Amino acid sequence: MSPYLFAIPVFFLLVAIELYVAHRRGVQVYRFQDTLTSMNIGTVSQFVNTIGGAISVAMYAILVERFGAFTWDTSNPLTWVLALVLYDFFYYWVHRSGHEVNILWAAHVVHHSSEEFNMSTAMRQSSTGFYFRWVFYVPLALLGFPVKVFLTVAVIDLVYQFWVHTRLIGRMGFLELFLVTPSNHRVHHGQNDYCIDKNYGGILSIWDRMFGTYADERADEPPMYGVRKPLQSWNPVWGNVHHYFAIVTQARATAGWRNKLMCFFAGPGWLPPGAPPVSANFEADKFVRFATPAPQWMGQVALAATVIGSLLLMYFLFAQKGFTPVQRFSFSGAMVLVYGALGYAWLHPRVQGAAHV
Ligand SMILES: [Zn+2]
Ligand SMILES: [Zn+2]
């Protein structure tokens with residue numbers, strides 16, 4: 001049974017606790033449309049990754065079987081601790097590559113698409129990262145760590161990262177020295193100059209300190225969340241694919257094969273020769289958070305759709321073991337299509353115009 005079947009209710013509980021604490025403190029850390037979008041992106045990613053993840057695990061299993069160098073005693077806790085530390089090390093490189101190689105950024109950008117920072121932001125997981133992420137963990141397979149160890153530490157690493165998405169927990173003393181915390185992860189989600197390409201760690205921040213990508217949060221300049229090329233959409237499917245379209249568009253308009261390849265494999269900030277220069281500095285006074293007018297009924301419909309989608313996901317995670325691969329693929333594919341269509345409808349000018357009626 002999927003561990004996320006248990007994790008998802010805990011995530012919702014954490015969101016509820018954060019909402020309650022924010023209410024008590026009189027601060028607003030959630031916006032309705034943004035939160036629903038985060039939840040919908042999370043649901044879509046779960047539907048896709050049950051299939052994408054299965055492919056990754058199958059690849060890992062083949063590699064362990066054929067090339068695994070050592071046999072590990074899984075009754076020894078040290079095996080699990082070592083696997084977790086190594087996994088976290090490779091996660092650092094997965095994540096760093098996801099920021100520093102444009103085609104991989106296309107997969108990861110959805111995690112940074114929120115201009116808020118709260119527990120629901122953590123639900124913005126990529127639906128398209130599965131095709132390359134497993135490659136970074138091949139060394140674990142070559143070392144012979146069994147599939148169940150790999151899967152367990154992968155879930156621990158991901159679930160750990162949920163609670164660090166909050167503005168309500170301040171700095172955490174000596175823990176800041178070696179752990180990923182809400183404070184240093186806020187920096188990771190910031191678009192201020194000092195935040196760019198910093199704090200890639202999953203559980204441990206020591207990798208950032210070792211490889212020169214660590215930055216502390218500044219009290220004099222709190223992070224402003226989001227990305228410099230904003231998504232400006234509430235569509236969970238478009239949120240996952242929009243940067244792929246942007247890359248292809250840029251490559252088609254760029255002359256020369258070398259430059260075309262650079263569009264895919266250079267950093268996201270790379271510009272073709274002759275392209276108009278883009279300001280390298282964040283201009284906080286020009287930043288406006290994305291919002292669209294919407295009548296109350298539309299919010300209620302969106303909320304109902306989000307709740308129904310979450311319940312269908314829970315059913316899918318619960319029942320999928322009994323599905324054939326075709327049924328599993330059809331269910332997931334249909335859900336992604338429905339989410340894409342609903343997201344498109346939500347943004348349709350005719351519907352948005354209803355706000356002014
Ligand atoms: Zn990131
Ligand atoms: Zn994050």
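Quick caveat, the model's predicted, so the values are computed rather than measured. Counting convention: from 1, in listed order, for ligands and their atoms alike.
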J.: With the threshold set at 4.0 Å, does a side-chain nitrogen-carboxylate oxygen contact exist between K198 and D193?
T.: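 No, no charged N to carboxylate O under 4.0 Å.
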J.: Determine which of the N, O or S atoms in H185 is closest to the Zn ion (ligand 2) and give its atom name.
T.: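 Nearest to the Zn ion (ligand 2) within H185's N, O and S set: NE2.
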J.: Is a side-chain donor-acceptor pair under 3.5 Å present for Y91 with Q161?
T.: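 Indeed, the side chains of Q161 and Y91 share at least one donor-acceptor pair under 3.5 Å.
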J.: May I ask you to check whether Y92 and R96 show a side-chain donor-acceptor distance below 3.5 Å?
T.: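 There is such a pair (donor and acceptor under 3.5 Å, judged by atom type) between the side chains of Y92 and R96.
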J.: Mind listing the protein N/O/S atoms less than 2.8 Å away from the Zn ion (ligand 1)? Waters don't count.
T.: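 Metal shell, protein only: H95 NE2, H99 NE2, H108 NE2, H112 NE2, H188 NE2.
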J.: Which class fits the ring pair F331 and F323: parallel under 30°, tilted 30 to 60°, perpendicular over 60°?
T.: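 Taking F323 first and then F331, their aromatic rings lie parallel (interplane angle under 30°).
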J.: N259: what forms a side chain to side chain contact (heavy atoms under 4.5 Å, CB included) with it, not counting sequence neighbours?
T.: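 Listed in chain order: T254, W270, P273.
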J.: Salt-bridged, R289 to D34, with N to O below 4.0 Å?
T.: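 Salt bridge between R289 and D34, a charged N being under 4.0 Å from a carboxylate O: no.
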